[in-house]
**Student:** 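Pasting in a structure now, in structure tokens, and then I'll have a few things to ask.
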Amino acid sequence: MNAKRLREILQDLQGGRCDLESAFRRLRDLPYEDLGFARLDHHRALRTGFPEAVFCEGKTPDQVAEIIVRLAARHPRILGTRASREAADAVRRRLPDAVYHETARLIVAGPGESQPDPTAGTVLVCAAGTSDLPIADEAAITSETLGAPVSRLWDVGVAGLHRLLEHREAIAEASAIIAVAGMEGALPGIVAGLASCPVIAVPTSVGYGASFGGLAALLTMINSCAPGVVVVNIDNGFGAGVTAHRIARGRRAAAPRPGN
């Protein structure tokens with residue numbers, strides 16, 4: 001069940017194209033579907049605006065394919081995160097139009113196209129280094145699939161600050177910014193000192209031994225002296241992408257330009 005389907009049933013009832021009993025039967029579907037190894041939450045789109053995403057890591061390719069096929073039968077767009085090439089191949093054998101984004105390890109499946117959200121402002125995704133691109137790309141594609149316009153700034157880490165500063169106009173005009181960084185994780189604090197919108201910080205597990213698999217970046221981001229920074233878990237590009245879209249939705253008004 002999704003919002004479009006619910007409206008269709010209510011419109012049919014209102015217009016006399018079905019009776020009360022028929023509408024009741026169509027609305028009576030359980031909010032979940034039990035596959036034995038998974039219970040699919042078909043009413044999540046009604047509650048949150050987007051269907052359940054599938055975390056593919058730890059599932060077999062056949063399990064991933066079955067879950068995504070069942071979800072895609074009821075919803076126009078489905079995301080599978082942390083997907084292997086084998087899982088993507090299993091999905092595409094059953095849904096040939098499914099797209100696999102290898103860098104982001106994301107499967108995007110379903111009969112519908114991503115529909116731009118007319119109320120959403122731009123989400124700007126900044127990656128400190130090329131090694132952070134898998135997480136940054138996961139965040140960007142997630143926001144795009146939800147309907148937000150997305151701009152990307154790759155390899156703008158603080159070791160070469162001039163690479164970031166030349167994009168001050170894009171930073172000022174964004175409605176939400178995702179800043180992705182490993183190592184010491186300094187990028188979000190710098191970005192937040194330039195931006196008027198919320199900054200979502202994403203620590204990555206990129207770095208040498210003392211980065212402790214992203215813990216050093218996480219602690220830096222949590223301790224940012226610049227206000228307006230919120231932090232998601234290590235390597236959680238998907239969570240950042242969802243959050244950025246929710247912030248950008250309804251924030252189309254342009255931020256002040258530098259110097260104004």
Side-chain angles (χ1 to χ4, degrees), residues 50 53-59 64 78-85 87-88 99-108 114 122-146 148-160 163-164 167 170-171 174 176-192 195 197-224 229-248:
F50 194 76
V54 182
F55 182 75
C56 301
E57 202 168 77
K59 298 178 176 68
V64 171
I78 301 299
L79 272 175
T81 70
R82 299 302 172 89
S84 65
R85 167 65 66 177
V99 176
Y100 181 52
H101 299 273
E102 189 160 12
T103 300
R105 293 190 292 164
L106 273 177
I107 300 169
V108 182
S114 296
T122 298
V123 173
L124 178 64
V125 184
C126 305
T130 305
S131 297
D132 300 307
L133 287 187
I135 307 305
D137 212 27
E138 180 183 53
I141 294 169
T142 296
S143 284
E144 283 178 330
T145 302
L146 290 171
V150 174
S151 296
R152 295 164 168 82
L153 296 180
W154 290 169
D155 199 18
V156 290
V158 298
R163 299 174 301 184
L164 177 68
H167 297 287
I171 292 169
I177 298 175
I178 300 171
V180 184
M183 299 288 189
E184 85 288 6
L187 179 64
I190 299 295
V191 171
C197 66
V199 174
I200 303 159
V202 188
T204 72
S205 51
V206 171
Y208 294 104
S211 69
F212 298 108
L215 182 59
L218 173 66
L219 293 175
T220 296
M221 294 173 185
I222 290 173
N223 285 287
S224 172
V229 177
V230 295
V231 187
V232 299
N233 205 350
I234 297 169
D235 291 337
N236 189 9
F238 168 74
V242 172
T243 303
H245 172 258
R246 290 183 177 182
I247 292 171

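Keep in mind that this is a model prediction, so the values were computed, not measured.
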**Student:** What is the minimum heavy-atom distance between Val202 and Ala240, and which atoms define it?
**Tutor:**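 Closest heavy-atom pair between Val202 and Ala240: CG2-CB, 3.5 Å.
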**Student:** Run Ile177 and Cys126 through side-chain contact (heavy atoms from CB on, under 4.5 Å) and show every step you take.
**Tutor:** CA-CA 7 Å; Ile177 298 175; Cys126 305; 4.1 Å; yes
**Student:** Is any side-chain heavy atom of Phe50 closer than 4.5 Å to a side-chain heavy atom of Thr145?
**Tutor:**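 A side-chain contact exists here, since the closest heavy-atom pair is under 4.5 Å.
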**Student:** Salt-bridged, Glu102 to Arg85, with N to O below 4.0 Å?
**Tutor:**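 Salt bridge flag = yes for Arg85 with Glu102.
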**Student:** Do you know which two heavy atoms are closest between Arg152 and Val150, and how far apart they sit?
**Tutor:**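 Result for this residue pair: NH1-CG1, 4.0 Å.
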**Student:** Does the side chain of Ile171 reach to within under 4.5 Å of the side chain of Leu164, using non-hydrogen atoms?
**Tutor:**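 Yes, at least one pair of side-chain atoms sits under 4.5 Å.
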**Student:** Hey, what do you get for CG (Leu146) to OG1 (Thr243), rounding to the nearest 0.5 Å?
**Tutor:**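 One finds 10.0 Å between CG of Leu146 and OG1 of Thr243.
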**Student:** For the residue pair Ala181 and Pro188, what are the closest heavy atoms and their distance?
**Tutor:**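 Minimum heavy-atom contact is CB-CD, 4.5 Å.
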**Student:** What heavy-atom pair brings Val64 and Lys59 nearest, and what distance separates the two atoms?
**Tutor:**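 Heavy-atom minimum between the residues: CG2-CB, 3.7 Å.
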**Student:** CG/Leu133 to CG/Asp155 distance, rounded to the nearest 0.5 angstrom?
**Tutor:**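 So the gap between those two atoms works out to 8.0 Å.
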**Student:** Are His167 and Leu124 close enough that some pair of their side-chain heavy atoms sits under 4.5 Å apart?
**Tutor:**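 A side-chain contact is absent here, since even the closest heavy-atom pair is not under 4.5 Å.
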**Student:** Could you tell me whether the side chain of Ser143 and the main chain of Ala148 form a donor-acceptor pair under 3.5 Å?
**Tutor:**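 Not a single qualifying donor-acceptor pair exists.
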**Student:** At what distance, to the nearest 0.5 angstrom, does OG of Ser205 lie from CE of Met183?
**Tutor:**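 The distance works out to 11.5 Å.
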**Student:** Is the closest side-chain heavy-atom distance between Leu79 and Val108 below 4.5 Å?
**Tutor:**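 Yes, side chains in contact.
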**Student:** For residues Val158 and Ala186, report the shortest heavy-atom separation together with the two atoms involved.
**Tutor:**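 Minimum heavy-atom contact is CG2-CB, 4.0 Å.
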**Student:** Side chains of Arg82 and Asp235: closer than 4.5 Å at any heavy-atom pair?
**Tutor:**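 Arg82 reaches Asp235 side chain to side chain.
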**Student:** Between Val125 and Trp154, is any pair of side-chain heavy atoms under 4.5 Å apart?
**Tutor:**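 A side-chain contact exists here, since the closest heavy-atom pair is under 4.5 Å.
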**Student:** Determine whether the side chains of Asp137 and Thr103 contain a donor N or O and an acceptor N or O closer than 3.5 Å.
**Tutor:**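 Short answer, no.
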**Student:** With side chains defined as the heavy atoms from C-beta onward, is the minimum distance between Leu153 and Arg163 less than 4.5 Å?
**Tutor:**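 With C-beta onward as the side chain, the pair stays apart.
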**Student:** For residues Pro134 and Ser131, report the shortest heavy-atom separation together with the two atoms involved.
**Tutor:**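 In terms of heavy atoms, the two residues are closest at CD-O, 3.5 Å.
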**Student:** For the residue pair Ser211 and Val206, establish whether any side-chain heavy-atom pair is separated by less than 4.5 Å.
**Tutor:**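 No, side chains not in contact.
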